[in-house]
Amino acid sequence: MRKTADPEVSGQKLRLRSGIVYATLAYLIYGAMPFYMKQLQAVPPSQIMAHRVLWSVFLLAIIVSLLGRWTSLRRTIDMRLVGLFAATAALIGVNWLVYIWAVLNDRILETSLGFFITPLITVVLGVVALGERLTRL
């Protein structure tokens, strides 16, 4: 007798493999980012950041348009969340601006260490301040 594969298990395996591939690609791109940033030595960090924001908005608008999701996006917008998202975006923007400045000013090692430690500190703060519990994936 031949066993039939459980579609839920095979779907989970496929998502796990895809996640590993995407994570690896993200880390490779992120690891190569300082090499790219160093080539932009003559460009001010604020201009690099502005391009990053504008091109991201442009790309996301194209994706939302291609998927036809403008209506669902408008329905889900809550003004309280817009303020929260704006504050979050500002914090991420400051984070990236510091990263760009640090790379352009030869502080790559310090920046890399900071980006390595930050998620660890975030997890500790989640456990200590918010009472989160650590679980296995």
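Side-chain atoms are counted along with the backbone in the values below, which use heavy atoms only and exclude waters and symmetry mates.
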S.K.: Which pairs would a plain distance check flag for residues 104-117, meaning a side-chain donor or acceptor within less than 3.5 Å of a matching protein atom at least two apart in sequence or in another chain?
M.R.:
residue : atom : partner : partner atom : Å
Asn105  : ND2  : Trp101  : O            : 2.8
Asp106  : OD1  : Lys38   : NZ           : 2.4
Arg107  : NH1  : Glu110  : OE2          : 3.4
Thr111  : OG1  : Arg107  : O            : 2.6
Ser112  : OG   : Ile108  : O            : 2.9

S.K.: Is it true that Val21 and Tyr27 fall in one hydrophobic cluster, defined by side-chain heavy atoms closer than 4.5 Å?
M.R.: no
S.K.: Does anything in residues 87-103 form a salt bridge (Lys or Arg N to Asp or Glu O under 4.0 Å)? List the pairs, not counting sequence neighbours.
M.R.: none
S.K.: Tell me which donor-acceptor pairs under 3.5 Å the side chains of residues 59-67 have, and how far apart each pair is, sequence neighbours excluded?
M.R.:
residue : atom : partner : partner atom : Å
Ser65   : OG   : Ala61   : O            : 2.9
Ser65   : OG   : Trp70   : NE1          : 2.8

S.K.: Linking I/L/V/M/F/W/Y whenever any side-chain heavy atoms sit under 4.5 Å apart, do Leu91 and Val57 land together?
M.R.: no
S.K.: Can you measure from CH2 (Trp96) to CE (Met49) and round to the nearest 0.5 angstrom?
M.R.: 8.5 Å
S.K.: In Å, rounded to the nearest 0.5 Å, how long is the span from CZ of Arg75 to CD1 of Ile77?
M.R.: 11.5 Å
S.K.: Any pair with a residue in residues 78-103 that passes salt bridge (Lys or Arg N to Asp or Glu O under 4.0 Å), sequence neighbours left out, goes on the list, sorted by first then second residue, please.
M.R.: Asp78-Arg80
S.K.: Check whether any side-chain heavy atom of Ile100 lies under 4.5 Å from a side-chain heavy atom of Met37, and answer yes or no.
M.R.: yes
S.K.: Could you tell me which non-hydrogen atom of Thr76 sits nearest to which non-hydrogen atom of Leu73, and how far apart they are?
M.R.: OG1-O, 3.0 Å
S.K.: Is it true that, when you exclude Tyr30 itself, more than 12 heavy atoms of the residues, nucleotides or ligands shown sit nearer than 6.0 Å to its OH?
M.R.: yes
S.K.: Grouping I, L, V, M, F, W and Y whenever their side-chain heavy atoms are under 4.5 Å apart, do Tyr36 and Val103 come out in a common cluster?
M.R.: yes
S.K.: Side-chain donor-acceptor contacts of residues 12-19 below 3.5 Å, not counting sequence neighbours, with atom names and distances?
M.R.:
residue : atom : partner : partner atom : Å
Ser18   : OG   : Leu14   : O            : 3.0

S.K.: Please tabulate, for the side chains in residues 119-126, all donor-acceptor contacts under 3.5 angstrom to protein atoms that are two or more places apart in sequence or on a different chain.
M.R.:
residue : atom : partner : partner atom : Å
Thr122  : OG1  : Thr118  : O            : 2.9

S.K.: Calculate, to the nearest 0.5 Å, the distance between atoms CZ and CZ belonging to Arg74 and Arg69 respectively.
M.R.: 14.0 Å
S.K.: Quick check on the hydrophobic clustering: are Met33 and Leu97 connected, directly or via other members, by side-chain heavy-atom contacts under 4.5 Å?
M.R.: yes
S.K.: Please tell me whether Tyr99 and Val53 are part of a single hydrophobic cluster in this structure, the criterion being side-chain heavy atoms less than 4.5 Å apart.
M.R.: yes
